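Everything below concerns the one structure shown next.
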Amino acid sequence: MAGRHSFRNLLLISLVGLILYGCENSQWNNPYRDRDQHKDIIYTSFKERPKELDPVKSYNAAEYEFIAQIYEPPLQYHFLKRPYELIPLAASKMPARTFYDDAGNQLSHDVDPSSVSYTIYDIEIQKGIKYQPHPSFAKDSQGVYYYHSLTEDDLDDVNILADFEYQSSRELTAEDYVYQIKRLAHPNLHSPLAGLLGNYIVGFSEYREKVLDAIEDQDAWLDLRDVSMQGVKVIDSHHFSIRVKGVYPQFIYWLNMPFFAPVPWEADKFYSQPRMKERNISFDWYPVGTGPYMLTENNPNLRMVLDKNPNFHGEKYPSVGEPEDYALGLLDDAGKELPFADRIVFSLEKESIPYWNKFLQGYYDTSGISSDSFDQSVELNFQGEFGLTDGMKKRDIDLASAVATSLYYLGFNMGDPVIGGDSQRARLLRRAISIAVDYDEFISIFQNGRGVPAQGPIPPGIFGNENGEMGINPYVYHWENGRPVRKSILEAKKLMQQARYQNGVDQDTGKPLVLYFDTVSRGADTKALLNWMVKQFAKIDIQLVIRGSDGNRFFDKLDKGTFQIYQLGWNADYPDPENFFFLLYGPNSIAISGGQNYSNYQNSEFDRLFDVMKNMENGLERLKLIRQMNEIVRADAPWIFAFNPKSYSLYHDWYKNVKPNLMANNTMKYKRVDPLLRAQSREKWNQPILWPIYLLLVVLVLTIIPAARGFYQREKAKGV
Amino acid sequence: MIAYIVRRVLYAFPLLLGINLITFVLFFVVNSPDDMAKNQLGQKHTTAQQIEDWKRERGYNLPLIYNEDASAGAKFTETIFYQKSIRLFVFDFGSSDSGRDISYDIANRMWPSLTIAVPHLIVGLLITITFALLIAFFRASYIDYWAVIICVALMSISTLFYIIGGQFIIGKLLKVVPISGYDTGLDALKFLILPVIIGIVGGIGSGTRWYRTIFLEEIGKDYVRTARSKGISEQLVLFRHVLRNALIPILTGVVVVLPLLFMGSLLTENFFGIPGLGSYTIDAINRQDFAIVRSMVYLGSVLYIIGLILTDISYTLVDPRIRLS
Amino acid sequence: MLFQPVILITDALFFALTTVIFVFVMIARKKEHLRRPWGKVIKRTTGAVALVVLICYYSIALLDSMHFRLKLENVTQSEYQYSNEILSVLDVLMASMRTQVEKTFSAPLAVQLFSKEMVQQDDGSMQQIYPRLKYGGAHLDDPLSEKSKDLVKISIRAIVMAILCWAGFWLLTVWRNSKSKHSSFSASLQRFVSGDSEYPLRAIAITTGLITIAIFVSMFVGSKYHLFGTDKVGQDVFYQAIKSIRTGILIGALTTLVMLPVAITLGAMAGFFRGWVDDVIQYIYTTLNSIPHVLLIAASVLLLQVYMSNNAEGFDSLTERADLRLLFLCLILGITSWTGLCRLLRAETFKLREMEYIQAATAFGVTKSNILARHIMPNFMHIVLITVVLDFSGLVLAEAVLSYINIGVDPATHSWGNMINQARLEMARDPAVWWSLTAAFIFMFTLVLFANLFADVVRDALDPRISGSE
């Protein structure tokens with residue numbers, strides 16, 4: 001009878017366990033520790049483990065989510081003001097910019113850009129900023145660093161950074177910023193920005209060779225303070241300067257990105273010791289910053305935890321904002337000490353089912369809306385704007401939305417004999433396709449309405465984008481009843497006829513028009529998406545052949561120019577039209593310079609205007625040039641301007657100070673939670689439902705009864 | 001006995017060499033290090049120089065099997081084959097394509113996999129064996145007939161349905177346990193319940209059916225008939241004789257999978273966000289981190305071979321006749 | 001010609017497989033030693049019913065493997081006159097479901113979209129409503145009151161027609177049976193109804209009846225409504241589930257087809273020649289078997305992706321690419337699954353070799369290849385068949401799991417795995433979109449269940465060990 005006993009015991013044990021467990025807490029499904037229930041903690045999630053946390057390499061939003069809270073570059077974006085405005089962060093004031101000619105003479109500010117040889121940015125940082133506690137700063141009573149010359153034995157018991165007993169801090173100096181710029185140029189660190197900065201910072205590209213010469217032993221640490229870079233100078237302990245070739249007004253925007261965050265040499269030395277890498281103790285894993293938070297638990301397979309930095313220099317919640325911010329309560333905390341939350345817990349959530357449900361159960365404070373759960377929680381209201389559904393409203397869930405400063409576009413290869421080139425025939429064909437590929441429909445199907453059809457290269461929120469009739473792309477839309485309306489397929493067909501492709505047949509050769517679309521085929525949506533695309537081209541009788549490949553091969557094709565049509569997106573690095581127009585700038589074409597002009601679009605007039613426009617201050621003059629440039633690219637149609645995505649996020653009402661800021665990443669410090677309200681809501685929403693389990697048990701017992709009866713009958717039969 | 005074990009262990013070496021060769025061909029001959037570099041560096045602003053640097057740093061810039069430029073012995077050691085494949089023999093996995101130390105990660109992620117796999121195995125075994133015994137007891141009755149049909153039906157459902165359905169019903173509708181997640185120490189308990197239950201339910205069909213056949217085979221044997229003819233009651237026959245003798249094939253079958261428990265389950269871990277080796281592998285596959293996939297292939301094979309050896313040894317322990325042959 | 005036939009590589013292999021099965025059946029009918037065990041399979045009710053269901057699935061897959069391109073209008077030059085779109089016979093048969101695409105999600109048999117939308121009313125005002133579907137239930141004026149009545153009406157019509165067709169067919173069969181057996185029609189009918197026949201004709205008849213009804217109802221209702229609703233882009237889910245049958249069957253059947261030659265040759269050689277041949281073959285399969293299958297498949301598929309994009313010129317169109325990927329997936333699955341069969345065959349050959357008649361043949365100087373081909377291989381064929389049938393369901397299940405971790409068939413291929421993969425996003429919605437998952441579940445479960453049942457019966461009938469003991 002051993003088997004049956006064990007089964008019965010098992011049932012008993014699990015039942016008792018279930019009951020005991022239930023007595024302890026009424027929320028059985030709480031994924032966090034119960035003792036944290038009332039603490040001032042922000043709970044959020046991440047989808048994929050961050051690849052790099054080293055500010056030299058990190059270059060995507062998912063990683064900035066963490067390191068932007070930790071590292072402090074000289075500048076930051078104002079949290080509330082629109083249009084986006086740069087303000088000092090670690091810097092004490094906005095950097096001063098001065099122009100110089102070849103001879104080194106200072107020039108006035110309104111000088112013609114072509115006569116400027118180089119620009120100097122003077123950056124002064126605040127005094128009294130201290131780093132987070134870190135073992136690399138720890139010194140003994142003689143002033144010798146504890147952990148700068150570790151032997152193998154010292155590291156025996158060390159697995160994580162917290163295993164080092166002594167931690168200390170020191171004041172931030174200008175040297176640390178310079179040190180990081182040198183790291184950006186270091187050949188072994190592969191900064192994604194190295195190529196770009198090499199074009200601008202004086203002595204940056206040469207620095208690579210300098211470092212290679214200075215490295216004697218591959219494994220030994222090289223103190224970058226000893227190797228100077230021509231264009232970067234420490235003036236005094238809180239003051240440094242960067243020399244930039246010619247005029248590059250957009251340079252200032254880079255100064256708010258973690259690439260330009262300070263890095264102390266002590267940490268670099270500390271991490272570069274032998275056998276540290278084996279233990280994964282490195283910049284990649286343990287950032288060292290001066291910001292409001294520090295990374296205290298780094299387990300990207302499970303969760304990342306940011307704790308308040310005890311040495312934080314202090315910052316106040318902004319006291320000015322947009323007019324509507326006052327009504328929304330975004331300025332209620334004005335002047336209060338930042339950061340608010342004691343801790344931020346990021347949990348890994350790969351699958352969307354658990355992610356979305358945990359948000360609804362109150363275990364995440366905020367949630368991006370996946371395209372699939374979206375239209376169930378949100379619906380269009382009378383003004384054509386999105387509102388929450390009743391189910392969401394009942395839970396006091398709020399919605400924040402903003403059109404992202406991104407553009408998706410469908411590019412044509414301008415070097416292709418059929419679709420590309422400057423001929424009127426090809427241009428008409430491209431315009432016809434621009435009309436036929438109905439991105440209004442695309443947005444409603446694939447984006448669930450989360451996006452607006454793009455009218456030109458510049459997305460909303462960036463200078464040069466215009467609303468209303470002025471802003472529409474007249475080759476694809478016309479203005480009707482106060483809104484843009486896509487031109488009809490008939491007009492597209494007319495264009496096809498003018499291009500001598502009547503009914504999709506080349507009138508010169510009699511061949512049907514077949515075009516090739518190169519794409520990266522991935523994910524569950526791909527099939528539907530590609531079917532849709534084929535259908536769009538079929539509307540004007542063009543046969544579209546889809547060629548799928550993986551990411552690498554796709555970019556290879558772009559590189560070689562062996563493609564006709566492709567789809568890509570661009571996300572603004574900074575809020576300036578230059579960051580979008582440069583994607584169409586002739587000299588930046590991929591075939592010529594390996595740049596990001598993948599369509600290889602060449603238009604001398606456009607290029608001329610670009611050169612003038614990029615150095616101008618925002619204003620009417622600049623807007624005029626931008627209008628001209630917009631007209632040129634709309635007429636030439638090297639791209640189909642597909643759409644600007646909208647980003648939505650839902651948040652519970654205990655989560656305060658939510659205003660989408662598409663430029664700033666260091667916004668966690670502004671967020672405040674109301675732990676009490678959260679605890680109550682969770683309690684209310686998460687009462688376990690147990691009757692089905694009891695029912696199941698009853699059913700099990702009922703099925704056992706006939707079996708048992710059968711058993712005894714057999715026994716009896718045997719006995720007889 | 002010792003000599004036998006030694007022989008078995010020695011036989012593992014040529015196998016490991018073969019596995020090594022297969023992985024080498026798969027990962028370095030078919031696929032070029034350039035592809036890996038581009039994959040890892042991302043697409044924004046990548047230059048040829050950066051690709052070269054990346055390869056040099058990870059040792060992918062060496063020739064495949066023969067290095068003409070190197071001196072005597074180094075002609076063979078300064079190659080990708082030696083550096084990347086032969087080193088696996090001593091479990092030197094090196095670092096992943098994203099730069100982290102693989103051995104460290106494996107050592108860390110092994111434990112969550114085990115905490116799921118061990119209760120799954122033990123409880124699952126107990127339940128399926130109990131069911132199988134019950135069915136064997138009622139053999140050739142309508143209970144047996146329907147039980148087998150139900151088993152076949154249960155095993156015809158894809159694991160994916162069990163996971164999605166279980167998560168949906170127990171986690172979302174009933175709110176009895178957290179939908180996903182993991183924690184260390186005792187806090188892990190509440191996270192284990194759902195994946196373990198789903199794992200067990202998913203395995204009941206095939207498990208029960210399999211053990212049933214083992215029991216029936218055993219019941220058909222002569223000693224059982226003898227025992228029965230002596231007038232021993234059916235229960236006694238079943239539980240004392242049949243169960244005891246059937247335990248031999250059951251346990252040796254379990255021994256084979258024991259080492260593989262470390263590897264975790266790809267699907268379960270991914271769905272429930274458990275930071276084990278299974279989700280490690282899936283992540284590596286999705287991110288195309290070839291160094292990790294290669295290491296996991298090798299590790300999995302080693303564990304499987306260990307399992308085989310353990311099985312052989314346990315057979316000889318249980319049944320001395322095998323040792324002689 | 002109105003169309004141009006297209007034969008994809010997997011089509012060709014599938015046709016080859018079909019021919020082989022057909023020839024085998026023809027031969028088996030004539031040879032007593034083959035007919036007896038297979039007769040046993042069909043005489044078992046479970047076996048016969050499972051076989052009917054499997055044949056249904058197989059025919060759908062076969063219909064879906066006959067590909068062609070339609071002729072284009074307006075094109076004069078002959079070499080370019082066919083469209084790029086590759087269709088199958090099944091696509092034509094289900095044309096209404098394929099082309100009736102709604103805007104987005106709609107529930108099974110719904111007449112409205114699943115979510116509300118802003119719609120301009122006749123009076124020019126905008127209102128938030130559930131818009132009517134373009135096709136689903138479009139013939140109704142007032143769907144609220146008419147829908148259920150309409151559904152019942154269509155279903156009854158379909159069922160009546162199905163029963164008429166079905167009854168006609170079976171009455172004809174019984175009548176022919178009575179003729180050939182020289183008994184009266186009514187007596188035959190009575191025997192048929194009471195289930196008194198050599199083969200489980202009554203069970204087969206009931207199964208075919210249910211299937212006929214299912215087909216008629218789904219066709220009738222499916223042309224006016226979306227039986228399983230629509231997916232994100234408004235495609236009919238029922239159509240997708242049906243299209244996925246080909247992928248499932250192909251993975252299950254082609255994989256075994258490609259692995260068979262290797263497994264049989266190596267297995268027989270190892271067992272027959274022994275010595276170093278045996279050592280080498282054993283070494284190969286133990287090595288391959290040591291690598292965890294999922295990982296080996298993952299590694300191979302990863303590398304296949306790289307290879308295919310390296311040589312992208314070879315597979316330009318998406319269909320060909322998807323087809324090749326399917327084929328490669330079969331090959332890779334074949335590589336991982338031949339080892340088990342090989343081991344079994346080696347052991348069997350080992351035993352057969354010691355048989356007296358083979359010893360005698362050797363003594364008479366019959367060549368080794370002759371012995372292998374004429375005496376050994378025919379004698380272990382039952383093991384091959386059992387393995388093939390047993391593996392089938394496992395492979396169908398494997399496809400779903402592999403597609404889920406993105407190492408299965410191409411995302412552009414219709415498959416249950418891809419449907420499930422998509423469904424996990426849909427299940428996260430609130431309220432959940434459950435019908436894609438349900439449709440995939442029903443179709444996949446039916447196939448695997450009957451394949452499993454069939455495998456059980458085949459094993460019982462063919463395995464001399466089991467059939468001997470009974």
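Worth saying up front: this structure is predicted, and the values here are computed from it rather than measured. Every chain is numbered from 1, with letters handed out A, B, ... down the list of sequences.
Atom OH of residue B:Tyr104 and atom CD1 of residue A:Ile281 lie 7.0 Å apart, to the nearest 0.5 angstrom. To the nearest 0.5 Å, the span separating CG on A:Leu360 from NZ on B:Lys172 amounts to 7.0 Å. Note that CD of A:Gln361 and CD1 of B:Ile179 are 5.0 Å apart. Values are rounded to the nearest 0.5 Å. Rounded to the nearest 0.5 Å, atoms CD1 (B:Ile170) and CD1 (A:Ile693) are 7.0 Å apart. Taken from CD1 in B:Ile274 to CG in A:Leu302, the straight-line distance is 10.0 Å, to the nearest 0.5 Å.
Closest approach of A:Asn30 to B:Lys190, counting heavy atoms only: O-NZ, 2.7 Å.
Only the backbone of B:Leu173 has a heavy atom closer than 4.5 Å to any heavy atom of chain A. If you measure heavy-atom distances from B:Asp283 to chain A, the contacts under 4.5 Å come from the side chain alone. Proximity to chain A involves both the backbone and the side chain of B:Tyr182, based on heavy atoms less than 4.5 angstrom apart. Neither the backbone nor the side chain of A:Tyr363 comes within less than 4.5 Å of any heavy atom of chain B. Interface residue A:Pro187: backbone and side-chain heavy atoms are both found under 4.5 Å from chain B. Only the side chain of B:Ile143 comes within less than 4.5 Å of a heavy atom of chain A; its backbone N, CA, C and O stay farther away. Only the backbone of A:Trp685 comes within contact range of chain B, with heavy atoms under 4.5 Å apart. Contacts of B:Ser103 with chain A are absent, with no heavy-atom separation under 4.5 Å from either backbone or side chain.
Ranked by heavy-atom pairs under 4.5 Å with chain B, the list A:Pro354, A:Pro692, A:Ser282 is led by A:Pro354.
Between B:Asp101 and A:Arg275, no side-chain nitrogen of the basic residue sits less than 4.0 Å from a carboxylate oxygen of the acidic one, so the salt-bridge criterion is not met.
Under a cut-off of 6.0 angstrom, the local environment of CZ in A:Arg33 is crowded, with over 12 non-hydrogen atoms contributed by other residues, nucleotides or ligands.
B:Ser180 and A:Lys350 form no side-chain donor-acceptor contact under 3.5 Å, judged by distance and modelled atom types alone.
Side-chain atoms of B:Asp105 and A:Asn280, non-hydrogen and from C-beta on, do get closer than 4.5 Å to each other.
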